[in-house]
Chemist: 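The structure that follows is given in the form of structure tokens.
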Amino acid sequence: FSLIRSLFHIRRVRRITSGKYNEKDVLNVYHIRNIELQLPYDRTFDLCVLSLNLIEKRKIQNEDRSQGKIEARNGMLLGRNVVSFNVNKMDDNRTQVEVLSKPVFRPTLIDFENRNLDNVTKIIEFLKKR
């Protein structure tokens, strides 16, 4: 049953997202993106926290400015996701940010509704505009 459901999901996702995302991205469950910003560390960290407003039903679990770590969860039950940031100061006006969105339930094989891909895409676009 799981195999059949997975195949239907893959077919549906490819149809819905065709042209919007790379096919390899659509089928992944874990999504990581990196971006370098021409901003000071504190400003970048604040923007990362602010970007979490783009994600529905999110709750910040951990926020550590000194370590550059932010972690939030969204979704419900088995559909829960973790969105995390690693913010690294490169110099006074350059910062690198790693954004990760993944399912809480590790054996998850399918990114239902592309939530993880949408999370990182929305966040990266938000950060690029700043």
Chemist: Going from NZ on Lys89 to CZ on Phe45, what distance comes out if it is rounded to the nearest 0.5 angstrom?
Modeler: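 That separation rounds to 14.5 Å.
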Chemist: Looking only at heavy atoms, what is the nearest atom pair of Leu54 and Lys122, with distance?
Modeler: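 Residues Leu54 and Lys122, closest heavy atoms: CD1-O, 3.6 Å.
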Chemist: Are Leu117 and Ile32 connected, step by step, through hydrophobic side chains (Ile, Leu, Val, Met, Phe, Trp, Tyr) whose heavy atoms are closer than 4.5 Å?
Modeler: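 Different hydrophobic clusters.
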Chemist: Of all heavy-atom pairs between Asn116 and Val29, which one has the smallest distance, and what is that distance?
Modeler: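 Heavy-atom minimum between the residues: ND2-O, 3.2 Å.
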Chemist: Mind checking what makes salt bridge (charged side-chain N to carboxylate O under 4.0 Å, His left out) contact with Lys69, not counting sequence neighbours?
Modeler: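 With neighbours one apart ignored, the set is empty.
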Chemist: Quick one: salt bridge (charged side-chain N to carboxylate O under 4.0 Å, His left out) partners of Lys128, sequence neighbours excluded?
Modeler: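 Lys128: salt bridge (charged side-chain N to carboxylate O under 4.0 Å, His left out) contacts with Glu125.
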Chemist: Could you tell me the separation between the CD1 atom of Ile123 and the CG atom of Asn53, rounded to the nearest 0.5 Å?
Modeler: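 The distance works out to 10.5 Å.
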Chemist: Give a yes or no on whether the backbone of Val120 and the side-chain of Arg33 come within a donor-acceptor separation of less than 3.5 Å.
Modeler: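 Flag not set: sc Arg33 to bb Val120 has no pair under 3.5 Å.
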Chemist: Rounded to the nearest 0.5 Å, what separation is found between the CD1 atom of Ile70 and the CD atom of Gln61?
Modeler: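 Spacing of CD1 (Ile70) from CD (Gln61) equals 13.0 Å.
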Chemist: Holding to side-chain hydrogen bond (donor to acceptor under 3.5 Å, both in side chains), I want the full list of residues that pass it with Asp64, two or more places apart in sequence or in another chain.
Modeler: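 Residues passing side-chain hydrogen bond (donor to acceptor under 3.5 Å, both in side chains) with Asp64: Ser66.
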Chemist: Once side-chain contact (heavy atoms from CB on, under 4.5 Å) is applied, do any residues pair with Leu37, and if so which ones, sequence neighbours excluded?
Modeler: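 Applying side-chain contact (heavy atoms from CB on, under 4.5 Å) to Leu37 gives Ile35, Leu39, Thr44, Val97, Leu127.
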Chemist: Which pair of heavy atoms, one from Glu98 and one from Asn34, lies closest together, and at what distance?
Modeler: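 For Glu98 versus Asn34, the nearest heavy atoms are CB-OD1, 3.2 Å.
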Chemist: Please give me the minimum heavy-atom distance between Arg58 and Asn74, naming the atom from each residue.
Modeler: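 Of all heavy-atom pairs spanning Arg58 and Asn74, the closest is CA-CB, 3.8 Å.
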Chemist: Hey, could you give me the CG/CD distance between Asn86 and Gln96, rounded to the nearest 0.5 Å?
Modeler: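 So the gap between those two atoms works out to 9.5 Å.
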Chemist: Going by side-chain heavy atoms closer than 4.5 Å, which hydrophobic residues are tied to Met90, directly or by a chain of links?
Modeler: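 Reading the cluster by chain and number, Met90 sits alone, since nothing else belongs.
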Chemist: Out of curiosity, Lys129 NZ to Ser51 OG, how far, rounded to the nearest 0.5 Å?
Modeler: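 So the gap between those two atoms works out to 12.5 Å.
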Chemist: Please find the pair of heavy atoms, one from Pro103 and one from Asn81, that lie closest to each other, and give the distance.
Modeler: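 Minimum heavy-atom contact is CA-OD1, 3.8 Å.
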Chemist: Would you say Asn62 and Glu71 are linked by a side-chain donor-acceptor pair, where the criterion is simply a distance under 3.5 Å?
Modeler: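 No, no side-chain donor-acceptor pair sits under 3.5 Å.
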Chemist: Of Leu52, Leu47, Val49, Leu100, which is the lone residue that meets side-chain contact (heavy atoms from CB on, under 4.5 Å) with Phe85?
Modeler: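 Considering Leu52, Leu47, Val49, Leu100, a side-chain contact (heavy atoms from CB on, under 4.5 Å) with Phe85 is found only for Leu52.
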Chemist: Which residues satisfy the side-chain hydrogen bond (donor to acceptor under 3.5 Å, both in side chains) test with Arg43, sequence neighbours excluded?
Modeler: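 side-chain hydrogen bond (donor to acceptor under 3.5 Å, both in side chains) check on Arg43 returns nothing, list empty.
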Chemist: To the nearest 0.5 Å, how far apart are CZ in Arg115 and CD in Glu56?
Modeler: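 Answer rounded to 0.5 Å: 9.5 Å.
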Chemist: Please check this pair: side chain of Asn93 against backbone of Gln38, looking for a donor-acceptor N/O pair closer than 3.5 Å.
Modeler: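 A pair under 3.5 Å: no.
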